[in-house]
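Here's the structure, in C-alpha cells; my notes come after.
Just so we're on the same page: letters track the sequence lines, and every chain starts at 1.
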2 protein chains.
Amino acid sequence: MDGNAKLSIVDVAKRAGVSTATVSRVINHNGGYSRETEEKVRRTIEECGFTPNANAIGLRTNKSRCIGVIVPDVTNEFFAKIIQELDFYLLKHGYSLLICNSNEDYELENMHIKGLIEKHIDGIVYISGQNEIKNINEIKHIPVVYIDRAPLNARMLILSDNQEGGYLATKEMIDKGCRRILLLRDVRCASTIRYRKEGYIRALKENGIPYREELEVSCFPDYAEARKVMDRLVRSGGCYFDGIFATNDMMALACINVLMEAGIKIPEQVKVVGYDNVSVTRFTSPQITTITQDTRQMAIAAGRTILRMIQKKEISEKRTIIPVKLEVRGTT
Amino acid sequence: MDGNAKLSIVDVAKRAGVSTATVSRVINHNGGYSRETEEKVRRTIEECGFTPNANAIGLRTNKSRCIGVIVPDVTNEFFAKIIQELDFYLLKHGYSLLICNSNEDYELENMHIKGLIEKHIDGIVYISGQNEIKNINEIKHIPVVYIDRAPLNARMLILSDNQEGGYLATKEMIDKGCRRILLLRDVRCASTIRYRKEGYIRALKENGIPYREELEVSCFPDYAEARKVMDRLVRSGGCYFDGIFATNDMMALACINVLMEAGIKIPEQVKVVGYDNVSVTRFTSPQITTITQDTRQMAIAAGRTILRMIQKKEISEKRTIIPVKLEVRGTT
DNA sequence: GTGAAAGCGCTAACAC
DNA sequence: GTGTTAGCGCTTTCAC
C-alpha cells in the first residue's frame with residue numbers, strides 16, 4: 001500500500017515475475033492465463049496498491065470512461081435530479097461524469113464542448129432545456145443522447161410523456177368539478193409545452209368542454225413573472241376561472257400565492273395543478289398537486305442508451321418516452 | 001475542418017512543414033520560434049481543425065486539467081450553486097469538472113475517489129457537508145480544498161462566516177423587538193451550526209438577553225422534520241417565543257407554515273429568520289428573511305486556491321472565511 | 001499460457 | 001530558432 005501511487009504495470013509485472021502483457025490481461029479479464037498466474041498477479045496488485053493510469057489507457061484504446069453532461073442549469077432541481085441519477089447509474093458501470101453547465105450561453109457551451117472533445121470523452125448526454133442545438137456539427141462523430149428537448153437532427157432521444165401530463169393535470173381538475181381551466185403556460189414555444197397543451201385540450205374535449213383562447217395565458221416561466229401575470233389577472237377580475245394548469249411548479253406556486261393573498265380559497269374556489277413535482281410543492285400549504293416527471297427513469301434510460309451506443313450495440317434512431325404520474329395533493 | 005478529428009501534431013507538423021516539437025511549442029506558447037513559424041503553424045491548425053489529445057498530454061505531463069468535485073447532494077441548491085460557479089471559474093482557466101455525487105454514502109464515495117485517482121485529476125474540491133472525511137489517506141498526495149465543513153486533518157479550507165451569520169440573524173430580530181428568540185437548529189453537531197449558535201448567543205448577550213436552554217430546539221434539518229417539531233411546540237403552547245432563528249431555510253419555511261396555519265401572524269406576532277438564502281425564500285408570502293452565504297465567493301476562493309496548489313505556488317495551511325449577508329424580507 | 005515489442009500522441013531534453 | 005528522439009503507461013499483435 002504505497003501512497004505515492006507511482007507504480008506502473010511494469011513494476012507489478014516485475015514483482016509478480018510475469019510480463020506486462022500478462023498483467024494487462026488479468027486486469028482486463030481478457031483470459032489467456034492460468035488460475036495461478038491470475039491469483040499471483042491479483043495479489044501483487046493488491047499488495048502494492050497499484051492504480052492503472054487512465055490517461056495511458058485512454059491514449060492506447062481511445063476510450064476514456066468519461067461521459068460529458070451538458071446541462072443549462074445545474075441549479076434547476078429537475079436537471080440536478082437527472083444528473084444525480086445519471087451519476088449513480090454510470091458510476092456503477094465504471095464511468096465518470098464531466099459536468100458542463102452551459103447557462104444557456106452559447107460561448108460557454110462551445111468552450112465546454114471543445115474541452116469534451118479534447119478529453120476524448122466516450123459520449124455526451126445533452127440535457128437540452130433549449131430547442132436548438134447549434135454545436136451539433138462538432139459532436140457529430142461521437143454518441144449523443146438528448147434528454148427533454150429535441151434538436152432537429154437528434155437521433156437518440158429521451159422524453160417524458162408531456163401530452164399525458166397535460167391530460168392528467170387537466171382531467172384531475174375536471175373530475176373535481178372545474179369547468180373553466182386557465183392554462184398558464186411557458187411563453188417559449190418548446191415542444192414539451194406544446195405537448196402539454198395538447199393534453200390539456202384533449203382532456204377538455206373528452207369532457208365536452210370547449211377550448212377558449214382567453215383562458216390561455218403565456219408568461220416567462222419563473223416565479224416572479226408568473227406572479228406579475230396573475231396579479232394582473234386577479235386584479236382586473238376580468239378572467240373568471242375555477243382551475244389553473246400551470247406548466248411548471250414555480251408558476252403554480254406563484255398562482256397560489258397571488259390567489260391566497262387575494263383571499264381566494266384553494267382548492268375550494270380555484271384548483272391548481274403544477275408540473276415537475278419539484279420539492280417546493282411539498283413545502284407549501286396546501287401542498288401542490290402536480291405532475292411527476294420520472295427523472296430517475298429518464299436518467300437510467302439515457303445512461304443505458306449512451307452505454308449501448310458506445311459499445312456500438314445499437315446506433316439506430318430512437319425516441320424513448322418515459323411515463324408521467326399525477327401527484328394529487330392539497331390544491332385540487 | 002475535418003470532422004473525423006483523427007489528426008495528430010505529426011500531421012500538423014507535416015502540413016506546416018515544421019517538426020512536431022515546433023508545433024508543440026506553438027500550441028503551448030513556450031517560445032523559441034519565429035513570428036512567421038508561429039503564424040504558419042496556427043493557420044494550419046485552424047485549417048485542418050486539429051484538436052490536441054488530452055490523454056496523450058496527460059500521460060506525458062501527468063496533468064489532466066480536470067478537477068474532481070465531491071459533493072453530498074447535487075440536488076441541494078446550496079451545493080448546486082457552488083458547482084455552477086466553480087464550473088464557470090474553472091472553465092475559464094481551462095479546467096473541467098468531474099462531478100462525484102456521494103449521496104453521503106461511504107461506498108459510493110470510495111468508488112468515486114478511486115475513479116478520480118485513476119483519472120489522475122489535478123485536484124479535488126471537497127464540498128463536504130459532513131463532519132468527517134474518511135478517505136483522506138487515499139487523497140493525501142493530491143491537492144484538496146475543502147468547502148463548508150472541515151475534517152480534522154484538512155489543510156485548505158473555505159468557510160463562510162457562520163458566527164456572523166448567527167449574529168446578524170438574531171440581531172435583526174432583537175432590533176425589531178423580539179426578546180424570546182427560539183433557536184431551531186440542525187441536530188447534527190457540525191461546526192457550521194456550532195458557530196451559528198455562538199453568533200446567536202453573542203447577539204443575545206450584547207443586548208442583555210439571557211440565553212435560555214428551553215429556547216433551543218434541535219431537529220433533523222429538513223422540512224418534514226422541522227414541521228413535526230414545530231407542530232408539537234405550537235400545539236403544546238408551552239413554549240412562548242416571539243422570534244425564531246432557524247439554521248436553514250427549509251426549517252424556517254416549516255415554521256412559517258405551521259405558525260400561519262395556527263393563525264399566528266408573521267411577522268407581527270412571531271418573526272422568523274432562515275439561513276442560506278435558497279430560492280424558496282422568495283417564493284413564499286411573506287418572503288423569508290435569511291442569511292446569504294456567498295456561494296459565488298466561496299466557489300471562486302476554492303477555484304483560485306486549488307489552481308494555486310496545483311501550480312505549487314502555495315501549499316501552506318490556510319482557512320479562508322467568506323462574509324455573509326443579512327437579507328431582510330417579510331418575516332421580520 | 002506467456003512474453004517481446006510496437007506504438008497510441010504528445011512533451012522536453014538535447015543537438016545543431 | 002528548429003529538429004530529433006526518447007519515453008510517459010498501457011494494450012495488443014505476433015511469436016513461441
Would B/Arg35 and B/Glu39 pass as an ion pair if we require N to O under 4.0 Å?
no

Note: B/Lys40-B/Glu36 ion pair, threshold 4.0 Å (strictly below)
no

cation_pi(A/Arg65, A/Tyr95) dist<6.0 Å, angle<=45
yes

Just to verify, what does A/Tyr89 make a ring-ring contact (aromatic ring centres under 6.0 Å, His included) with, not counting sequence neighbours?
A/His93

Mind grabbing the angle between the end helix axes of the helix from C/dG1-D/dC16 to C/dC16-D/dG1? Five pairs an end, 10° rounding.
40°

Quick one: what's the B/S/- string for nucleotides 9-16 of chain D, heavy-atom cutoff under 4.0 Å, read 5' to 3'?
BBBBB---

Using the side-chain contact (heavy atoms from CB on, under 4.5 Å) criterion, which residues pair with A/Ile27? Sequence neighbours excluded.
A/Ile9, A/Val23, A/Ile45, A/Phe50

Answer yes or no: is there an ion pair linking A/Lys81 with A/Glu85, defined by an N-O contact shorter than 4.0 Å?
no

With a 4.5 Å cut-off on side-chain heavy atoms, are B/Lys119 and A/Ser64 touching?
no

Exactly one candidate in A/Ile124, A/Leu90, A/Leu116 meets side-chain contact (heavy atoms from CB on, under 4.5 Å) with A/Ile67; the answer is A/Leu90

Donor-acceptor under 3.5 Å (A/Asp294 side chain, A/Arg296 main chain)
yes

Can you sort out the partners of A/Asn62 under side chain to side chain donor-acceptor pair (under 3.5 Å), two or more places apart, ordered by chain and number?
A/His120

Hey, where on DNA chain C does chain A first and last touch, going 5' to 3'? Cut-off is any atom under 4.0 Å from a heavy atom.
C/dG1 to C/dG9

